Amino acid sequence: MVTPQDIKGYIEKGLNCQFVEVAGDGHHFEAIIVSPEFAGKTKIAQHQLVYQALGDRMRAEIHALSMKTLTPEQWLAGRK
Amino acid sequence: MSAREVIDNQVKSNKVVLYMKGSPDFPQCGFSANAVKILRASGVNDFLAVDVLQDPEIRQGIKEYANWPTIPQLYINGEFIGGSDIMTEMYQSGELKDIL
């Protein structure tokens, strides 16, 4: 079974990330992803980058992934 | 008609189209249920709901159409808007109401 740690690893391998947090029960996962690559991109394009990093795993192993994508600037602003 | 042509025709001849698992009254997945709830909360009761579980070709075709591997998918005026997460964010920020 896929663990949140596996998914975190897949995302970090395929995408330059500043921060990734994944929680889940093996079927449904929730992720927060902070990457400088998201700057200037639409939400659709940001999510597509994450899907791209996950590749075929998104079709085969991962049933459901809910995600929130942020640029480093948005991430900092949200923590203040 | 290929799946791509069927999808192209659906999204271009209907203002709001939701590709989902199950029907609006009996969604078969939590994310699809969430998408329907958001549309209704935004005052949209008249939309085309396409149940991808009824058609394997559409189910595969829709993933390729917008280069988006998951379902649900929302289209407004022929344009791909996003999946469940993006719909939720746009609903909360009020952006979704603006484009509906």
Side-chain angles (χ1 to χ4, degrees), chain A residues 2 4 6-8 10-11 13-15 17 19-35 37-75 77-79, chain B residues 3 7 11 16-22 27-38 42 52-53 56-100:
Chain A
V2 192
D6 292 335
I7 295 181
K8 180 173 151 72
Y10 299 152
I11 294 173
K13 206 172 164 196
L15 182 69
C17 296
F19 176 85
V20 180
E21 186 178 274
V22 183
D25 59 5
H27 298 285
H28 291 78
F29 299 94
E30 283 178 32
I32 297 171
I33 303 136
V34 182
S35 167
E37 311 287 333
F38 295 153
K41 293 195 168 69
T42 63
K43 278 284 160 197
I44 293 174
Q46 293 175 356
H47 286 219
Q48 276 169 334
L49 279 177
V50 179
Y51 287 140
Q52 204 176 14
L54 291 167
D56 286 341
R57 293 190 178 91
M58 198 59 221
R59 291 176 174 82
E61 299 170 37
I62 306 165
H63 170 66
L65 172 68
S66 172
M67 62 172 124
K68 195 168 174 62
T69 52
L70 299 161
T71 63
E73 288 74 21
Q74 290 168 329
W75 174 238
R79 286 204 294 185
Chain B
I7 292 165
V11 301
V16 182
V17 186
L18 182 69
Y19 292 86
M20 63 180 292
K21 292 180 180 172
Q28 298 294 315
C29 150
F31 294 101
S32 289
N34 181 54
V36 170
K37 207 169 78 182
I38 286 174
S42 302
V52 302
L53 299 178
E57 283 186 31
I58 296 291
R59 185 177 184 174
Q60 184 52 38
I62 197 65
K63 295 180 181 181
E64 288 158 12
Y65 187 79
N67 184 27
W68 194 262
T70 59
I71 289 153
Q73 292 186 19
L74 176 69
Y75 292 77
I76 300 176
N77 296 323
E79 192 190 342
F80 175 53
I81 302 302
S84 171
D85 293 334
I86 292 177
M87 284 181 72
T88 302
E89 284 184 37
M90 290 178 75
Y91 173 67
Q92 285 166 351
S93 71
E95 278 173 88
L96 192 61
K97 262 214 138 102
D98 293 343
I99 56 172
L100 278 164

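Just so we're clear, the structure is a prediction, and the values are computed from it rather than from any experiment. In what follows, every chain begins at residue 1, and chains take the letters A, B, ... in the order their sequences are listed.
The neighbour count for Lys37(B) NZ, taken as heavy atoms of other residues, nucleotides or ligands under 6.0 Å away, does not exceed 12. Atom CD of Glu57(B) has 12 or fewer neighbouring heavy atoms from other residues, nucleotides or ligands inside a 6.0 Å radius.
Taking CZ of Phe31(B) as the reference point, atom CG of Leu65(A) lies at 7.5 Å (rounded to 0.5 Å).
Within residues 83-100 of chain B, the residues having any heavy atom less than 4.5 Å from a heavy atom of chain A are, in residue-number order, Asp85(B), Ile86(B), Glu89(B). Using a 4.5 Å cut-off between non-hydrogen atoms, the part of residues 62-75 of chain B that approaches chain A consists of Ala66(B), Asn67(B), Trp68(B), Pro69(B), Thr70(B).
In this structure, the portion of Met58(A) lying under 4.5 Å from any heavy atom of chain B is its side chain and not its backbone.
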